[in-house]
Structures are given as C-alpha cells and as structure tokens.
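Below: one structure, written as structure tokens.
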Amino acid sequence: MASLSDNFNSPSPSSQIQILNINWFQKQPHGNDEVSLTMNITADLQSLFTWNTKQVFVFLAAEYETLKNSLNQVSLWDAIIPTKEHAKFWVQTANKYRFVDQGSNLRGKEFNLTLHWHVMPKTGKMFVDKLVMSGFRLPEEYR
Amino acid sequence: MALTRQALSLGMIVTSALMIWKALMCITGCESPVVVVLTGSMEPGFKRGDILFLHTSKDPIRTGEIVVFNVEGRDIPIVHRVIEVHERQDTRDVDILTKGDSNDQDDRFLYTYGQHWLSPQHIMGRAIGFLPYVGWVTIIMTEKPLIKYILLSALGLLVITSKD
C-alpha cells in the first residue's frame with residue numbers, strides 16, 4: 001500500500017524556538033495562572049514530505065510538571081503545512097491558544113517546548129513524531 | 001441472466017465486506033474500528049466522507065492525537081485533536097481538551113453543560129490511518145434512507161427472482 005513506501009523515508013527535521021517576550025503573566029479571577037508569550041519558531045520539516053503526503057500538521061506544546069499533575073501539555077500554536085515548499089519556515093507569534101494552568105503553579109516554572117508533527121497521508125497510516133526543546137522558565141513574579 | 005449474476009456477486013461482496021468488518025472489530029479491539037468523517041471541522045486533513053481507522057489502546061492520551069469521542073446526548077461521535085492534557089500525579093486521572101483543526105474555538109461548548117474536560121472513558125479510539133471518499137456510501141445511506149431501502153429491495157428482488 002501507499003504507506004509502505006513512506007516507511008522507507010528517513011526524515012531529518014529540525015527546529016529552534018526562542019521566547020522573545022513574556023507579554024503578561026497573571027493569576028486570573030478563577031484562580032488559575034495564565035501567561036501570554038511571544039516566540040520565534042523556526043523549523044525545517046521538508047524531509048517529512050513524501051509523494052503520499054497530503055499535509056503536515058505541526059503544533060507547539062508547553063510541557064511541565066506540577067505538584068498536582070505529573071504531566072501538563074498545553075498546545076500554544078499550530079499550523080497546517082500543505083506542501084514541501086511551505087515546510088521550511090520562520091514565524092514570530094504570540095501563543096494562539098491560551099496557556100492556562102490548572103491552578104497557580106506557573107511562577108518560576110521550568111518547562112519544555114515540544115514541536116510535534118503529524119504527517120497526514122493521501123491514503124493510509126499517519127506518522128507522528130516530535131522534537132523536545134528544554135530549558136525554558138517562566139518569571140518568578142507576575143507581570 | 002448476466003445481470004442477475006452481477007447482482008448476486010454484488011451481494012456476495014457486501015457480505016464479505018461485513019465479514020471483514022467483524023474480523024476488524026476483533027483485531028483492533030474496539031467496537032467501531034472504522035468511523036466516517038461527517039463534518040468539515042478537521043479540514044483540510046480529513047474531509048466529509050473520509051474513513052478513519054481507529055485503534056484503542058491503554059496508552060495514555062497525549063496532545064496531538066486525533067481521538068473519537070461521544071458527548072452525552074449526541075448521536076454522532078466527534079473526531080477532533082487533543083490540544084491539552086493534564087494528568088494527575090497519583091490517580092492517573094486525565095483531563096483532556098479537544099479542538100477541530102479548522103475551528104477557532106476549542107470543544108468546550110460541545111461538551112455536556114458544566115463539563116470542562118473530557119476523560120479517557122469518553123474516548124472511543126484514536127485515528128491511526130484513513131481512506132478518502134469511501135465513507136460517502138455510509139453518509140448517503142444514512143442521510144437518504146430511501147436510497148438504502150431501494151437498494152436493499154432491489155437486491156432482495158433479484159435474489160428471489162434468480163433462476164438458480
């Protein structure tokens with residue numbers, strides 16, 4: 001089937017994320033921390049495309065641990081890459097989706113930013129992988 | 001008559017398809033191994049009429065996965081992507097939030113009133129592959145039941161009146 005040839009593709013995607021600015025960082029009235037940040041997202045996902053690729057869905061998620069939750073994954077941004085030509089990109093953006101904690105645990109919080117991609121085929125099996133970038137940290141104080 | 005033979009062959013094909021379906025149910029381990037995409041909220045990735053192959057596993061749900069879930073009070077299952085996951089330290093309870101790729105808003109407005117998150121028990125399976133267009137047969141049969149009755153009656157009539 002079409003997916004069989006996809007299995008022989010050895011992709012070598014790459015990416016870099018920079019946090020340019022913490023726009024604001026507050027505890028909302030409902031008691032949950034929320035942060036808005038602006039990022040530079042650079043990536044080269046061209047090697048993911050094969051003849052059987054319809055599109056690549058890419059998203060960036062913040063991942064962190066709290067006392068209450070062993071894992072929190074919050075999607076901050078996503079995009080649909082329709083062709084190989086669009087797959088090498090640089091984007092400067094604020095988070096598209098709200099970064100809200102379950103609680104008030106974000107001050108000084110260390111977190112990973114993980115770039116995930118879903119390769120959606122014209123027919124057959126979807127391929128999924130990700131790149132974890134660690135070492136990010138939120139401010140100690142609200143602002 | 002050659003037409004009768006063709007119709008009977010069609011009947012055989014349909015029966016074989018049903019048998020394969022039942023076999024798939026056992027292999028993939030879920031009630032409904034295949035789901036037809038009914039709305040455009042996952043375009044352009046999945047379009048109305050596409051078929052999704054599902055898999056159930058005990059693996060934890062993570063962001064990015066495309067899941068099929070039911071909301072109480074709604075008949076049709078929804079196929080959307082997980083955009084948030086919060087997993088508890090001790091209990092392994094998980095709060096899940098979903099959104100259609102081409103929707104601006106997340107799915108909270110779809111969940112039952114007062115429910116802010118999905119749990120793993122709401123999720124019927126994960127999409128792992130797909131076939132385009134094939135689901136249109138099901139959509140037509142469901143949305144225009146008259147066509148289904150006509151087809152089934154015609155098939156029945158041909159079987160009854162065949163000379164063998």
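Below, chains carry the letters A, B, ... as their sequence lines are ordered, and counting in each starts from 1. What you are looking at is a predicted structure, and each value in this text was computed from that prediction instead of being measured.
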Could you tell me whether the side chains of [X] and [Y] share a donor-acceptor contact shorter than 3.5 Å?
X      : Y      : value
A/E65  : B/Q89  : yes
B/D95  : A/Q102 : yes
A/H118 : B/R81  : yes

If you count heavy atoms of other groups shown closer than 6.0 angstrom to [atom1] of [X], is the number above 12?
X      : atom1 : result
B/H116 : NE2   : no
B/Y113 : OH    : no
A/Q26  : CD    : yes
B/Q121 : CD    : yes
A/K88  : NZ    : no
B/D104 : CG    : no

Item checked: Expected output: side-chain A/K68 to main-chain B/R88 donor-acceptor under 3.5 Å -> no
Item checked: Heavy-atom pair count under 4.5 Å with chain B, highest-scoring of A/L76, A/T66, A/T114, A/N69 -> A/N69
Item checked: Leading residue by heavy atom contact count with chain B [cutoff under 4.5 Å; candidates A/V128, A/D78, A/L67] -> A/L67
Does any part of the side chain of [Y], heavy atoms only, come nearer than 4.5 Å to the side chain of [X], both counted from C-beta?
X      : Y      : value
A/N72  : B/E87  : no
A/T123 : B/F130 : no
A/F57  : B/D101 : yes
B/I66  : A/M126 : yes

Check: chain B heavy atoms under 4.5 Å from A/L71: which part of the residue, side chain, backbone, both or neither?
Finding: both
Notebook entry, point to check: Are B/F46 and B/L54 grouped together when hydrophobic residues (ILVMFWY) are joined by side-chain heavy atoms under 4.5 angstrom apart?
Noted result: yes
[X] versus chain A, heavy atoms under 4.5 Å apart: side chain, backbone, both or neither?
X      : value
B/P44  : both
B/Q105 : neither
B/I128 : backbone

Checklist line | Choice from B/E84, B/H86, B/K99 maximising heavy atom contacts with chain A below 4.5 Å | finding: B/H86
Margin query: Can you tell me how far apart CZ (A/R98) and CG (B/L97) are? Round to the nearest 0.5 Å.
Written below: 11.5 Å
